[in-house]
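Along the sequence shown, the residues carry numbers beginning at 1.
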Amino acid sequence: MYNPVFPDPDSETFKAVSYKFRKLFNMPEGEKLVNYYSCSYWHHRLPRQGWLYLSVNYLCFYSFLLGKETRVIIRWRDVTLLDCTNALIFPDSIRVSTRDHEHYFSMLLRKKETYELMEQLANMAMKQLINDEEFSEDKDLLTKVSKKVPKKPSFLKRDLDARAHSDAYRSKFRLPLTEKLDGSTSCCMWAPYKKSYISGTLSISLNYICFESRIANLVSVVCPLREVQSVEKADSIKGNSDVKNVVFVCTAQNSSLSNTFLFTDVGDRDFVINKLSEMLGKSIPTKNSVLPDGMMVVGGERSASRSNSVSEDKSEVVSLSSLSISSVSENNGSLPTDTSEAGTSTLPLRALYSDPEEDVGEEEQNRRREENWERHWEEYGRGVTMYRTVETLRLVLKGLPGSVRREVWMIFSGAINEQATHPGHYEQAVVAGLKRGGPANEEIERDLHRSLPEHPAFQSDTGISALRRVLCAYAWRNPAIGYCQAMNIVASVLLVYCNEEEAFWLLAALSERLLPDYYNTRVVGALVDQGVLEDLILDHMPGLHTRLSELGVISLVSLSWFLTLFLSVMPFEAAVHVVDCFFYDGARVVFMVALAILGANHAKLERCSDEGEAMMVLSEYLGSITTPGSRYGRRRNSVADETQAEEEVNIIGVLEAAYRDYGFITNLAVERLRVKHRLRVVQTLEDAMMRNTLRTVGPDCLLSQADLRELVVYVRGEQILGGDDKEVRQRSSSGGPLTQEGYTLGYDTFQQLFLAVAPWGQGDRAEALATSTFNMLDVAGTHLVTFRALAWLFGVLCCADLARKLRLFYYLHLAFPPRLDEVDRPGSPAEVEEETAVEAQEYFDCMEEDSNKGRVDLDLSDDSPASPSAASSSPKREYCDPLTGFATIHNRDYRLYEQRFLPTMTQEQFINMWRTVYSFFAFETDQEMLPPYPEWARCCCRLEKWVGK
């Protein structure tokens with residue numbers, strides 16, 4: 001396999017600083033320095049001038065002043081708070097808080113850059129704790145051709161800056177998570193709907209061309225390259241000779257909608273044209289997509305005829321009158337319309353079940369809304385390439401008619417792009433998800449009949465089956481999430497207005513991009529947003545925040561509001577309007593609506609005496625929110641007085657109040673607050689998991705609480721830093737990274753710890769002994785050792801009495817004898833599987849069949865735990881992992897050695913054990929002295945047999 005050799009992008013100066021960094025702080029060779037800054041560190045209220053080093057996993061500071069040395073090492077995963085302060089004692093400084101200390105850094109020449117880099121590295125560490133993902137450099141940047149890009153001190157700094165820009169780019173235009181920003185330039189775009197030019201920024205990535213106006217929310221455009229037919233340049237525009245550097249982007253002519261985008265005053269136009277040509281060459285149309293005339297797929301690559309290529313020149317004179325929105329056909333959209341021949345899986349559930357009778361007023365209102373959207377599409381275009389303006393938001397706020405809701409949701413959430421680029425993925429996911437089974441599918445089955453029970457579609461098997469397919473398909477697609485409660489409620493609403501495949505991709509966009517980390521075992525994202533909401537309430541309603549904090553209401557209501565997008569607390573038809581705005585405007589809508597609800601009940605909440613009364617006030621208000629002509633009625637409060645008349649609140653008014661009073665909240669501001677609270681939430685969960693681990697493992701372990709805590713910290717630290725065993729751990733671990741099952745070790749980490757800490761980790765057989773011990777502890781055959789087993793082992797090795805250690809040593813050589821060679825990683829998996837399986841099988845057969853033969857009795861101390869009975873009766877299963885080459889006997893408890901009687905050893909087993917004993921006393925075996933020891937062992941065996949007779 002060809003492995004490209006990339007040039008070293010770092011300068012000699014930076015390499016020298018990196019070497020000094022590793023030497024000063026004793027860092028491993030793999031620890032990458034990102035950047036370094038001159039600053040002062042406040043030590044005992046005295047500033048010490050020195051250097052601040054920021055690496056992927058650590059924040060370090062070093063100072064040597066007047067003969068005094070100062071070293072500070074902080075792991076990013078230990079940071080609980082990161083902010084800028086300007087206090088009297090620590091002026092204009094950056095505060096870094098951990099569980100035990102607060103550190104202040106000041107006198108930074110580039111404070112903003114330093115703080116943003118700190119924030120990014122700390123956020124990366126928290127995401128590693130949540131998702132158990134390892135940081136890897138983007139090697140594509142080494143071969144990327146750029147222009148007018150500022151020189152960065154290191155390749156990693158350039159990489160992180162590119163990641164930050166790509167994250168903002170994807171979030172702004174709702175693009176897939178794999179999309180990376182290639183570059184951006186200033187330009188003006190011709191807006192045919194208002195006959196004028198709008199200045200803004202043109203952004204280009206591998207699969208998309210995007211434009212955003214300089215004035216926020218004025219207009220934006222997302223143009224997938226799969227829709228582009230040609231990119232051309234022109235010298236002038238008829239009627240406007242001042243316009244220069246023109247670029248035309250034309251979409252497919254044979255689609256239902258064709259747009260021509262005109263960009264003027266494009267910076268570095270020729271460079272942009274070359275980039276677009278390169279991107280069009282790399283863009284591969286999907287198998288089922290309709291290609292423009294003259295385009296075809298040849299050998300998996302995109303090729304174009306002369307009419308589709310990037311043209312060097314267009315006609316010198318171009319008329320603006322020709323640049324208008326194309327006429328819209330009857331189909332008129334990017335999504336297929338339903339036909340009577342389509343199956344139930346391709347139709348929204350609302351099309352399969354007749355609604356209760358609608359009154360004349362509601363029918364007229366829906367008709368007017370549909371007409372408004374038709375006129376809007378005629379003026380601004382339709383489909384994914386439409387002009388997205390403030391007029392679009394006004395129409396969304398007025399309410400979407402059911403006939404266009406699915407299209408609006410798919411376009412503005414970005415789910416339409418995932419669907420277009422992954423044809424057939426949903427069908428494959430459905431088959432695999434239903435076939436797989438497992439805990440996720442069992443949880444789905446329990447929640448199916450609790451999903452939107454008021455809708456007739458979910459009172460029959462049709463709706464229930466569709467919901468089952470969507471949820472099981474997504475659980476198969478994203479096993480890291482699987483299934484989480486509240487996903488069923490959201491998915492059921494999606495199925496009412498969308499077909500199954502559209503609902504699947506909308507659920508993927510919701511879980512993976514719009515509300516990240518919401519639907520996992522610890523609902524980390526929802527807890528983070530709960531903290532964001534508290535900050536927003538404190539900023540805009542400080543008096544109410546004080547009262548709600550005293551009552552403890554925020555934590556009670558926010559999870560149910562956020563996880564289901566208000567669908568579980570509002571009447572169904574009212575909450576759908578919130579979902580409309582959410583898919584259009586992103587996560588900020590959730591906070592704006594929450595603030596509007598709290599603001600509308602400000603006075604009542606301040607008069608509440610306890611949390612029950614406050615919850616009643618909010619429940620009654622949310623239940624009274626409705627839409628004109630609601631067909632499914634209002635949501636009743638089960639504890640409220642049925643006779644109490646409640647004033648109805650129009651959801652349109654609630655949304656208008658949210659945008660009017662809190663529309664200044666941006667998605668960027670929300671993300672900055674999320675970074676702040678992600679540190680606190682993840683550290684809180686880590687601390688809770690550590691306490692739970694210590695509480696559950698402690699009684700079965702001989703280690704002290706202090707030693708056990710240090711072992712937990714070490715194991716978790718190795719997991720964050722990654723390693724050669726990370727692939728095995730990620731593949732085999734069933735528990736999430738923020739659960740106790742997440743504390744597991746692969747062989748590489750176990751061997752490193754065993755050789756460094758264990759008393760048996762010495763001698764030339766130490767690695768072979770570590771391999772045998774690992775195989776003994778790997779009871780489940782996952783090629784991972786649980787933390788409980790690890791703590792038990794080191795408790796016996798370091799704290800148990802001599803008799804117990806000797807019994808374990810004897811058992812290890814009896815059931816899992818170390819290999820006689822010195823290779824810790826076997827070269828032939830099949831050979832090791834056969835050898836280990838046969839040796840262990842002989843031991844277990846001896847345990848079961850030789851009950852009347854001689855036994856070795858090594859008395860244990862009185863505090864030794866009883867031997868488990870289940871392990872001795874569990875079946876044996878042989879397995880060998882091709883990744884590690886380790887063979888393991890499944891379902892055998894490593895505590896079998898603690899039973900009172902053990903079988904006698906064979907001569908070969910005894911010699912092997914004596915070989916290990918000898919290696920403890922001599923690091924290098926003298927082969928000339930070795931023969932007398934086996935001979936002496938044989939004599940001992942003969943003596944034992946003679947005594948037995």
Side-chain angles (χ1 to χ4, degrees), residues 148 164-175 181 183-205 208-223 237 240 242-249 259-269 272 320 323-325 372-373 375-398 408 411-414 580-589 591-592 655-672:
K148 294 183 179 181
H165 295 154
S166 295
D167 289 343
Y169 171 68
R170 290 191 298 265
S171 175
K172 186 182 302 178
F173 298 107
R174 312 289 168 76
L175 302 180
L181 178 65
S184 59
T185 185
S186 61
C187 71
C188 293
M189 184 182 69
W190 171 255
Y193 55 88
K194 62 185 302 184
K195 309 299 181 185
S196 64
Y197 292 97
I198 299 176
S199 63
T201 302
L202 180 68
S203 302
I204 301 172
S205 60
Y208 296 89
I209 303 173
C210 300
F211 175 85
E212 184 187 33
S213 60
R214 187 167 298 170
I215 301 175
N217 302 321
L218 182 61
V219 63
S220 64
V221 168
V222 176
C223 182
I237 298 295
N240 192 346
D242 295 333
V243 174
K244 299 178 181 179
N245 296 329
V246 180
V247 174
F248 291 91
V249 177
N259 286 342
T260 298
F261 299 103
L262 184 152
F263 302 101
T264 65
D265 298 327
V266 178
D268 299 313
R269 184 188 63 172
V272 171
L320 289 178
L323 300 175
S324 59
I325 303 297
N372 290 337
W373 276 98
R375 287 194 296 269
H376 182 80
W377 282 325
E378 290 177 1
E379 185 176 1
Y380 296 95
R382 188 170 187 174
V384 68
T385 60
M386 67 180 294
Y387 293 92
R388 310 175 186 207
T389 67
V390 291
E391 295 299 325
T392 312
L393 175 59
R394 292 193 181 100
L395 285 181
V396 172
L397 282 176
K398 292 178 181 178
V408 172
I411 291 173
F412 292 107
S413 68
D580 295 341
C581 296
F582 171 79
F583 280 131
Y584 178 83
D585 233 357
R588 75 186 190 112
V589 171
F591 299 99
M592 291 160 52
L655 292 173
E656 289 177 348
Y659 274 89
R660 181 182 63 251
D661 298 336
Y662 306 103
F664 54 84
I665 299 174
T666 63
N667 286 315
L668 180 60
V670 169
E671 188 56 39
R672 296 297 295 269

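When the ring pair (Phe, Tyr, Trp, His ring centres under 6.0 Å) test is applied to Y208, no partner is found at least two apart in sequence or on another chain. Take N667 and apply the side chain to side chain donor-acceptor pair (under 3.5 Å) test, not counting sequence neighbours, and it matches no residue. With sequence neighbours excluded, the residues satisfying side chain to side chain contact (heavy atoms under 4.5 Å, CB included) with T201 are S184, S203. Scored by the side chain to side chain donor-acceptor pair (under 3.5 Å) test, D167 finds R170 as partners (sequence neighbours excluded). Considering only residues two or more places apart in sequence or on other chains, R269 meets the side chain to side chain donor-acceptor pair (under 3.5 Å) condition with none of them. With sequence neighbours left out, the salt bridge (charged side-chain N to carboxylate O under 4.0 Å, His left out) criterion links D265 to no other residue. Residues that satisfy the salt bridge (charged side-chain N to carboxylate O under 4.0 Å, His left out) test with E656, not counting sequence neighbours, are absent from this structure. Y169 is linked by a ring pair (Phe, Tyr, Trp, His ring centres under 6.0 Å) to F173, counting only residues two or more places apart in sequence or in another chain. Take Y584 and apply the ring pair (Phe, Tyr, Trp, His ring centres under 6.0 Å) test, not counting sequence neighbours, and it matches F412. Residues that satisfy the side chain to side chain donor-acceptor pair (under 3.5 Å) test with Y659, not counting sequence neighbours, are D585. Taking R375 as the reference, nothing meets the salt bridge (charged side-chain N to carboxylate O under 4.0 Å, His left out) condition, with sequence neighbours excluded.
You'll find the side chain of W373 reaches within 4.5 Å of the side chain of V408, heavy atoms only. Looking only at side-chain heavy atoms (C-beta outward), C187 and V247 stay at 4.5 Å or farther from each other. With a 4.5 Å cut-off on side-chain heavy atoms, V222 and I411 do not count as touching.
Nearest heavy-atom pair across M386 and R382 is CB-N, 4.0 Å. Taking every heavy atom of both residues into account, C223 and V249 meet most closely at SG-CG1, 4.3 Å. Counting all heavy atoms, side chain and backbone alike, F591 lies closest to V670 at CE1-CG1, 3.5 Å. Between Y193 and T389, the shortest heavy-atom contact is OH-CG2, 3.5 Å. Residue F583 comes nearest to R174 through the heavy atom pair O-NH1, 3.0 Å, listed as atom of the first residue, atom of the second, then distance. Shortest non-hydrogen contact noted between G267 and V272 is O-CG2, 3.6 Å.
One finds the CG atom of L181 at 8.0 Å from the NE2 atom of H165 (value rounded to the nearest 0.5 Å). Between D661 atom CG and M592 atom CE the span is 9.5 Å, to the nearest 0.5 Å. Taken from CG in D580 to CG in L395, the straight-line distance is 12.0 Å, to the nearest 0.5 Å. Here the CD1 atom belonging to I665 is positioned 8.5 Å from the CZ atom belonging to R588, to the nearest 0.5 angstrom. Atom-to-atom distance recorded for F263:CZ and S186:OG is 13.0 Å, nearest 0.5 angstrom. The line from OH of Y387 to NE2 of H376 is 12.5 Å long, rounded to the nearest 0.5 Å.
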Please tabulate, for the side chains in residues 212-221, all donor-acceptor contacts under 3.5 angstrom to protein atoms that are two or more places apart in sequence or on a different chain.
unit_1	atom_1	unit_2	atom_2	d
E212	OE1	K172	NZ	3.0
S213	OG	I215	O	2.6
S213	OG	V219	N	3.2
S213	OG	V219	O	3.2

